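I have placed the structure first, in the form of structure tokens, so that the comments after it can refer back to it.
What you see is a predicted model, and the numbers here were worked out from it, not measured in a lab.
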Protein chains: 2
Amino acid sequence: MIDANVDDPGELMTIATTAAEKQLDLAALRNVPGFVIRLIQLKFFDGFYETFAELGLTPATYAILMLVRDNPGVVPSSIAALLRLQLPNLTKILHQLEDAGLVKRSRSKIDRRAIEITLTSKGEKLMRDAVRLTAPYNRRMLAPLNETERSTLIGLLNRICPF
Amino acid sequence: MIDANVDDPGELMTIATTAAEKQLDLAALRNVPGFVIRLIQLKFFDGFYETFAELGLTPATYAILMLVRDNPGVVPSSIAALLRLQLPNLTKILHQLEDAGLVKRSRSKIDRRAIEITLTSKGEKLMRDAVRLTAPYNRRMLAPLNETERSTLIGLLNRICPF
DNA sequence: TATTGTTATACTCTATAACTATA
DNA sequence: TATAGTTATAGAGTATAACAATA
């Protein structure tokens, strides 16, 4: 050890990298919900991968497969509109899910332009496994809140959710 | 008009693209806060660009400049840690902001590896303009909630925000 | 030997235009 | 003429490795 910071004995002197250490003023940004929501979303994504990577799921494929599970025969344009994905990008993902044996694509008999998406049995099994991990994941992400507060938050979020 | 849907008279037959039209079952996804938060974040980003694009601000530059405004002399590594940006990516943005005359970069006299970031007067003026647009933007994004609910939401979000 | 900031680069996500087949 | 899906491609955002200067 060459040099030591008097305020931080026992460690090499480094520039503080957390708000608390650096005493940064964050009051303004904390009152911008869009900023706070962005940070929370990054936290949820990190937590998602920690929990669901073992199943090979991403946030996007989780949402797509869950939507298909509850709405068998849903068409790509509906999925894209709801999940705010561009159709070309969704097409690619759906082909990957089909290649992985998780979904089945079949021409609609009513409108032969449309493709009806359903889960395969492999896809259904995957989502059963995913569902088992979901409640613990949600609890972990909302750990600072008690049960009442979690319900309140989910209710308020759904009120401002654009669908 | 060639053909008309009996359920939708007066319009060409199209596949419904909203949850309401298509009667999609979204109950499962609505109870996954991470999913709802992702959609809300996309909504906030869209709204952000509608409001702040005229100032040339992005969500990232807004946050960076606001942080620098309230913490003059803050170093890139602190900004990166707080805003969850990688240092190489932040470096690029800071050089753009410097080229635009919004921030000043100067070597720290305490630690000559570090760069202290401050706003220029042009940067200060820009953020005064941005602040004027912020409250209306926040209100518009949280329009479905009353004043009490907005406060409750912001409080709960800050409790789960990772800093 | 570790840290700050930089450069270069790769990878993922997202967006747009042009095409086909169907309506 | 408009829509569903596809293909190709471009752009933005994000991540990683290697480096120089400084501690």
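- Across the protein-nucleic acid pair, K109(B) atom NZ and dT22(D) atom C1' stand 17 Å apart, rounded to whole Å.
- Atoms CG (D111(A)) and P (dA23(C)) sit 6 Å apart, rounded to a whole Å.
- Listed by first then second residue, pairs satisfying ring pair (Phe, Tyr, Trp, His ring centres under 6.0 Å) with a partner in residues 103-135 of chain B number zero, not counting sequence neighbours.
- Pairing each heavy atom of I79(A) with each of I64(A), the nearest pair is CG2-CG1, 4.3 Å.
- Position along DNA chain C of the nearest nucleotide to R107(A) versus I115(B) favours I115(B) as the more 5'-ward residue.
- Side chain R112(A) to base dT22(C): no donor-acceptor pair is found below 3.5 Å.
- For the pair P76(B) and R38(B), nearest-nucleotide mapping onto DNA chain C gives the more 5' position to P76(B).
- A search for salt bridge (charged side-chain N to carboxylate O under 4.0 Å, His left out) contacts involving R139(A) returns nothing, not counting sequence neighbours.
- Of the residues in residues 58-69 of chain B, none has a non-hydrogen atom less than 4.0 angstrom from any atom of DNA chain C.
- Going from atom CZ of R113(A) over to atom P of dT22(C) covers 10 Å, rounded to whole Å.
- With sequence neighbours excluded, the residues forming a salt bridge (charged side-chain N to carboxylate O under 4.0 Å, His left out) with R159(A) are E149(B), listed by chain and number.
- With sequence neighbours excluded, the residues forming a side chain to side chain donor-acceptor pair (under 3.5 Å) with Y62(A) are T134(A), listed by chain and number.
- When rounded to the nearest whole Å, the span between CZ of F45(A) and P of dT14(D) equals 11 Å.
- Under the salt bridge (charged side-chain N to carboxylate O under 4.0 Å, His left out) criterion, E124(A) pairs with no residue at all, not counting sequence neighbours.
- The phosphate of dG5(D) (OP1 or OP2) has a side-chain N or O of S77(A) nearer than 4.0 angstrom.
- Less than 4.0 Å separates DNA chain C from at least one heavy atom of each of the following residues of residues 83-94 of chain A: Q86(A), P88(A), N89(A).
- Considering only residues two or more places apart in sequence or on other chains, R128(B) meets the salt bridge (charged side-chain N to carboxylate O under 4.0 Å, His left out) condition with none of them.
- When the side chain to side chain donor-acceptor pair (under 3.5 Å) test is applied to N158(B), the partners found at least two apart in sequence or on another chain are R30(A).
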